[in-house]
Participant: 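Mind having a look at this structure? Questions to follow.
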Amino acid sequence: MPSLLDNLNPEQLQAVTLPSQHALILAGAGSGKTRVLTTRIAWLIHTGNVSPAGVLAVTFTNKAAKEMLTRISAMLPVSTRGMWIGTFHGLCNRMLRAHHRDAGLPQSFQILDSQDQLAFVKRVLKAMNVDENRFPPRQVQWFINDQKEEGLRPNEVAPGRDEFNRRAREIYAAYDEQTRKEGVADFPELLLRCYELLQRNEVLRTHYQARFRHILVDEFQDTNRLQYKWLKLLAGPESALFAVGDDDQSIYRFRGANVGNMADFEREFKVANVIRLEQNYRSHGNILNAANALISHNRRRLGKNLWTAAGEGEPLRVYEAQTDGYEANWIAEEVQALAREGFARREIAVLYRSNAQSRVIEHALFSARIPYRVYGGLRFFERQEVKHALAYLRLLASPDDDTSFLRVVNFPARGIGARSVEALQDAAQSRGVSLWKAAAELGGKSGAAVGAFVRLVTTLGESTQGLPLPEVVEHVIDASGLVAHYQAERDGADRVENLGELVNAAAAFEQDDASVAQFANDATGADAAPLNRLDAFLAHAALESGEGQAAEGADAVQLMTVHSAKGLEFHVVFISGLEEGLFPHEQSVTEDDGLEEERRLMYVALTRARTRLYLSYARSRLLHGQTRYGLASRFLDELPKEILKWLSSPARPRLDDKAWRAEEPLPRLKMAKSRAEALPFRIGQSVVHPKFGEGVVIEYIGQGPQMQVHINFGRLGLKRLMLEQAPLTPA
DNA sequence: CTCTAAGAGATTTTT
DNA sequence: TCTCTTAGAG
C-alpha cells in the first residue's frame with residue numbers, strides 16, 4: 001500500500017487521498033493528471049470499503065479509457081471487472097443495451113456515426129422536399145446535434161425566430177421520428193436517451209445512484225451541457241464526483257464543450273475540495289515561462305501557474321521564413337540536424353493549426369527523405385469498404401436499418417438503379433414500414449432485382465447462424481461480392497486488404513477480454529439479456545473509430561494539428577504557421593471568446609514540448625491558390641522576449657526542385673512591379689500607418705488617382721485605403 | 001454504370 | 001489551388 005502513494009507530490013497526494021466528497025482537481029498540463037486519477041481509484045479500492053463495482057470513470061476517448069484501465073490493473077491485484085470505465089458514449093451505450101426496453105430501443109439498435117447521420121439527414125430532407133441549398137444538410141445536422149446536446153427534443157426547442165430555425169425544428173422532428181422508426185441512434189442520441197432513461201425511471205436511477213459511490217471524470221473542461229446533466233443525474237446523495245480538468249486547455253468549444261461546467265460544478269455541488277496541480281513534470285522552465293506568460297493574457301480563467309523543478313533549459317527558437325515553402329524546408333533541415341544530434345524522429349512533432357498546412361511540410365520532408373507520419377484523416381472503421389461490409393453485417397442484425405440498406409442495396413452493383421430505390425422508398429413511406437419490409441413485397445421488374453438482394457441478405461443470415469464472429473465477417477465480405485468487386489478494381493488492393501483486416505478486427509475483438517467486459521451486461525434488471533456478439537462488435541465498430549487499427553510504423557516525425565496533439569508530449573516540438581489570420585485563425589476573431597480559445601490552443605501547443613521548442617512563421621503563404629501576406633502572430637509578441645532566440649539566415653531554396661521554384665516569391669513581385677513602376681511599395685512590403693500601425697501590402701486595386709491599396713493590418717484586419725491619401729510610410 | 005466536367009468550399013474533432 | 005461532391009452525358 002505505501003508503494004501506491006510513493007512519489008506523489010503533496011498536492012497529488014492530497015487529491016488522491018481526499019475524503020469521499022465532491023472534488024475539483026485543476027490539473028495543469030503535464031502535472032500528472034492521469035496518474036492522480038488512476039491512483040485515486042486504486043487507493044479507494046485498496047483502503048476504503050469501495051468495491052470495483054462502485055466506481056465509474058468517464059473519459060472522452062477510447063484511448064484514454066484504455067490507458068486508465070491498464071494503469072489501474074497494474075496497480076491493483078483485484079480485477080477491474082466490475083468497474084465502469086469508458087467514454088461517455090460507451091457507458092451510455094452499455095446502459096441502453098442493458099435497459100433497451102425501458103429506453104424504448106430495440107436491443108440491437110444500430111449507432112449512426114457522423115457520416116451515417118449526414119446521409120440520414122439528407123434522406124429526411126429529400127422526403128420532406130426541402131431545398132438542400134437553403135438548408136444545407138451539414139447545417140441541419142449541426143442544428144440537430146446542438147439541440148440534443150442541450151438536452152432538447154423537437155417539441156422543447158424554442159420556436160425559431162428566423163425561417164431557418166423554424167424549419168430546422170420541423171426537420172429535427174421528422175428526423176427524430178424516423179430514427180425511432182428505424183431504431184437507430186446517433187452519437188448525441190446515446191447520451192440524451194440515456195439521460196432521459198435515468199430521469200424518467202426512478203427505479204433505475206436510484207439503483208445506479210446507489211451503486212456508483214465514486215464517479216470520476218477526466219478532461220472535465222471538455223464536457224458539454226448534456227454530459228454534465230447526465231453526471232448530475234447519476235450522482236446520488238451518497239456519490240462523490242471527482243472531476244479533473246484544466247480550463248486553460250479547453251479547446252473544443254466549437255463542438256459544444258462548455259468550460260462553464262467547471263464553475264457550475266463548483267457552485268452547484270458546493271465543492272469544498274479544489275486542488276491545483278501546478279508542478280509540471282514534462283517541460284523545461286523556459287517552455288513553461290512562455291506558456292504561463294501567454295495564457296496570462298486570457299481574462300476568464302480559474303487561475304493556475306505551472307512550475308518545474310527542472311532547470312530553465314534552452315531558449316525557444318524562433319524562425320521567420322520568406323514563404324511557407326522556405327518554412328517547411330527549414331523544418332526539414334532542422335529535423336535532419338536534430339537526428340544528427342541523436343533525437344529519435346518519433347520524438348519530434350511538427351504542429352500546425354489547420355490540416356491544409358501539412359501539405360508543404362510533407363513535401364519538404366519527403367524531398368529530404370525524412371520518414372514522417374501524418375495524424376488524422378480517415379480512420380479504419382470510416383473507410384468506404386469497411387463501412388460497406390459493416391452495412392451488410394448491420395442488416396443481418398437489424399434489417400430495418402434503412403441507412404445500411406441504402407448503402408449496400410446496389411453495392412456491388414446489381415442493377416438496382418435510383419428509380420427502383422425511389423419506388424421502394426415511396427412504398428415504404430406510404431405504408432410506414434422500413435425499406436426491408438417494403439422490399440419483401442415489392443412487385444414489378446425492379447421487384448425482381450430487389451428481391452434478389454433481399455434473398456442474398458437472408459441467405460447470408462441463415463448461413464452464418466451460430467458461426468463464430470470472425471467467420472461471420474469473413475463469409476459476409478465474400479458472399480456479398482465485396483471482395484470480388486474490389487479485386488476487380490484497379491486500385492482495389494488496399495481495400496481488399498482492409499476487408500481482411502476487418503476479419504482480424506473481429507477476431508481481436510473476440511479475444512479482447514476488456515471489450516467483452518465492456519459490453520457484458522451486469523445483473524441490474526430483469527430484462528438484462530446477454531448481448532449477441534455481432535451486435536456487440538457493431539457497437540464497438542461505431543464507437544471506436546479504429547485509430548489503433550493502423551500500424552504504428554517506423555521511427556517517423558509526427559505531423560498533426562494542435563488539436564490532435566492534446567494529451568501528447570514530445571522531446572522536440574515545432575509550432576509552424578504562427579501568422580495572424582492562421583493562428584489565431586481569422587474566423588476565430590469574430591467568434592465570441594474565439595481569441596481566448598485560440599490562445600488556449602497555443603498554450604496546449606507550447607506545453608507539448610519537453611526540451612526543445614521551435615516557433616516559426618512565413619511572411620507569405622499560398623492559401624487557397626493565392627499568395628497571402630501576413631504578419632507574425634500576436635502570440636509571439638505575448639511571449640517574454642528574453643527567452644526567445646531568433647534564428648537568422650533563411651534556408652536556401654533548392655534550385656533543382658521544381659515545386660520549390662513554383663513557390664518562389666520573386667516572379668510575383670517582379671510582375672507586380674513592372675505593371676506599375678510608380679507604385680510606392682512592393683507587394684509584401686511592410687508599411688506603417690499612424691492609426692492602424694504596421695501592416696503588409698497585399699495588392700493594388702484600380703487605376704490612376706482612384707487606386708487603392710489593400711493592406712493586412714494583422715489583428716486589425718484587412719483594410720483598403722486610397723493610395724494617394726493614406727499616410728503610409730515604409731516600415 | 002462509369003466517366004468527365006463543373007461547382008462549391010476550404011478551421012479545429014471524438015464519439 | 002486543390003479536393004471533394006454531384007450532375008449530366010455516353
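Values reported hereafter were calculated over all heavy atoms of this structure, with side chains retained and with hydrogens, waters and symmetry mates removed. In what follows, every chain begins at residue 1, and chains take the letters A, B, ... in the order their sequences are listed.
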Participant: Return the nearest nucleotide to the side chain of Arg379(A); candidates are dT15(B), dT14(B), dT11(B).
Facilitator: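 Given the options dT15(B), dT14(B), dT11(B), the side chain of Arg379(A) is closest to dT14(B).
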Participant: Round to the nearest Å and state the distance from Trp142(A) atom CH2 to dG9(B) atom P.
Facilitator: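 After rounding, the gap between these two atoms is 16 Å.
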Participant: Contact class for Tyr252(A) (heavy atom, under 4.0 Å): base, sugar-phosphate, or nothing?
Facilitator: sugar-phosphate
Participant: How are the rings of Tyr486(A) and Phe411(A) set to each other: parallel, tilted or perpendicular (split at 30° and 60°)?
Facilitator: tilted
Participant: State whether the number of non-hydrogen atoms from other residues, nucleotides or ligands found under 6.0 Å of Phe164(A) atom CZ is greater than 12.
Facilitator: yes
Participant: Determine whether Thr223(A) and Asn261(A) satisfy the following criterion, side-chain hydrogen bond (donor to acceptor under 3.5 Å, both in side chains), listing intermediate values before the conclusion.
Facilitator: CA-CA 7 Å; Thr223(A) 50; Asn261(A) 284 348; 3.0 Å; yes
Participant: Compute both the distance and the angle, then confirm whether Arg123(A) meets the cation-pi test with Tyr175(A): under 6.0 Å from the six-membered ring centre, within 45 degrees of the axis.
Facilitator: no
Participant: Do Tyr617(A) and Phe583(A) have their ring centres less than 6.0 Å from each other?
Facilitator: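 No.
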Participant: Could you work out the separation of dT11(B) and dT6(C) based on their C1' atoms and round it to a whole Å?
Facilitator: 24 Å
Participant: Measure from NZ on Lys63(A) to P on dT15(B) and round the result to the nearest Å.
Facilitator: 10 Å
Participant: Between the protein and nucleotides 3-7 of chain C, which nitrogen or oxygen pairs come in under 3.5 angstrom?
Facilitator:
residue	atom	partner	partner atom	Å
dT3(C)	OP1	Arg359(A)	NH1	3.3
dT3(C)	OP1	Arg359(A)	NH2	3.2
dT6(C)	OP1	Lys122(A)	NZ	2.9

Participant: Look at all strands and tell whether Ser588(A) reaches a base, only sugar-phosphate, or nothing, counting heavy atoms closer than 4.0 Å.
Facilitator: base
Participant: For Phe88(A) and Asn224(A): C-alpha separation, side-chain torsions, deciding distance, then whether side chain to side chain contact (heavy atoms under 4.5 Å, CB included) applies.
Facilitator: CA-CA 11 Å; Phe88(A) 279 100; Asn224(A) 64 35; over 6 Å; no
Participant: Hey, is the side chain of Asn355(A) poking within less than 4.0 Å of OP1 or OP2 on dT11(B), counting only N and O atoms?
Facilitator: no
Participant: Counting only heavy atoms not in Arg153(A) (residues, nucleotides, ligands), do more than 12 fall under 6.0 Å from its CZ?
Facilitator: yes
Participant: Which nucleotide sits closest to the side chain of Ser354(A): dT11(B), dT15(B), dT14(B)?
Facilitator: dT11(B)
Participant: Is the His540(A) ring parallel, tilted or perpendicular to the Phe537(A) ring (thresholds 30°, 60°)?
Facilitator: parallel
Participant: Please round to the nearest 0.5 Å and tell me the distance separating atom CG of Leu595(A) and atom OG1 of Thr590(A).
Facilitator: 10.5 Å
Participant: If I take atom NZ in residue Lys566(A) and atom P in nucleotide dT13(B), what distance separates them, rounded to the nearest angstrom?
Facilitator: 12 Å
Participant: Could you state the atom-to-atom distance from CD of Glu382(A) to P of dT13(B) in whole Å?
Facilitator: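 Taking CD of Glu382(A) and P of dT13(B), I get 12 Å after rounding.
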Participant: Calculate the interatomic distance between Asp222(A) atom CG and dT13(B) atom P; express it in whole Å.
Facilitator: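 Going from Asp222(A) (CG) to dT13(B) (P), I get 13 Å.
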Participant: Should Asn62(A) be listed as having a side-chain N or O under 4.0 Å from OP1 or OP2 of dT15(B)?
Facilitator: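 For Asn62(A), the contact criterion (side-chain N or O under 4.0 Å from OP1 or OP2 of dT15(B)) is met.
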Participant: Tell me: CD of Glu591(A) to C1' of dT12(B), nearest whole Å?
Facilitator: 10 Å
Participant: Rounded to the Å, how far apart are Tyr375(A) OH and dT12(B) P?
Facilitator: 18 Å
Participant: Between dT15(B), dT13(B), dT11(B), which nucleotide gets closest to the side-chain atoms of His89(A)?
Facilitator: dT15(B)
Participant: What do the steps show when you test Tyr172(A) against Lys148(A) for side chain to side chain contact (heavy atoms under 4.5 Å, CB included), and what is the final call?
Facilitator: CA-CA 10 Å; Tyr172(A) 177 22; Lys148(A) 289 193 179 188; 3.4 Å; yes
Participant: Give the nucleotide from the list dT13(B), dT15(B), dT11(B) with an atom nearest to the side chain of His563(A).
Facilitator: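 Minimum distance to the His563(A) side chain belongs to dT13(B).
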Participant: Provide a list of protein-nucleic acid N or O atom pairs under 3.5 angstrom, restricted to nucleotides 1-3 of chain B.
Facilitator:
residue	atom	partner	partner atom	Å
dC1(B)	OP1	Asn410(A)	ND2	2.8
dC1(B)	OP2	Asn410(A)	ND2	3.2
dC1(B)	OP2	Gly415(A)	N	3.3

Participant: Report yes if a side-chain nitrogen or oxygen of Thr561(A) is closer than 4.0 Å to either non-bridging phosphate oxygen (OP1 or OP2) of dT13(B); otherwise report no.
Facilitator: yes
Participant: Between dT1(C) atom P and His624(A) atom NE2, what is the distance in whole Å?
Facilitator: 13 Å
Participant: Taking the side chain of Thr61(A) as its heavy atoms from C-beta onward, which of dT13(B), dT11(B), dT15(B) lies nearest to it?
Facilitator: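 The answer is dT15(B), which lies nearest to the side chain.
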Participant: More than 12 foreign heavy atoms under 6.0 Å from NZ of Lys232(A): is that the case here?
Facilitator: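 Yes, NZ of Lys232(A) has more than 12 neighbouring heavy atoms, counting only those of other groups under 6.0 Å.
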Participant: Could you tell me how far dT3(C) sits from dT12(B) if I compare only their P atoms? Round to whole Å.
Facilitator: 15 Å
Participant: Which is true for Phe254(A) with a 4.0 Å heavy-atom rule: it touches a base, it touches only sugar-phosphate, or it touches nothing?
Facilitator: base
Participant: Base, sugar-phosphate alone, or nothing: which one does Glu598(A) contact when heavy atoms must sit under 4.0 Å apart?
Facilitator: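 Base contact - Glu598(A) has a heavy atom under 4.0 Å of at least one base atom.
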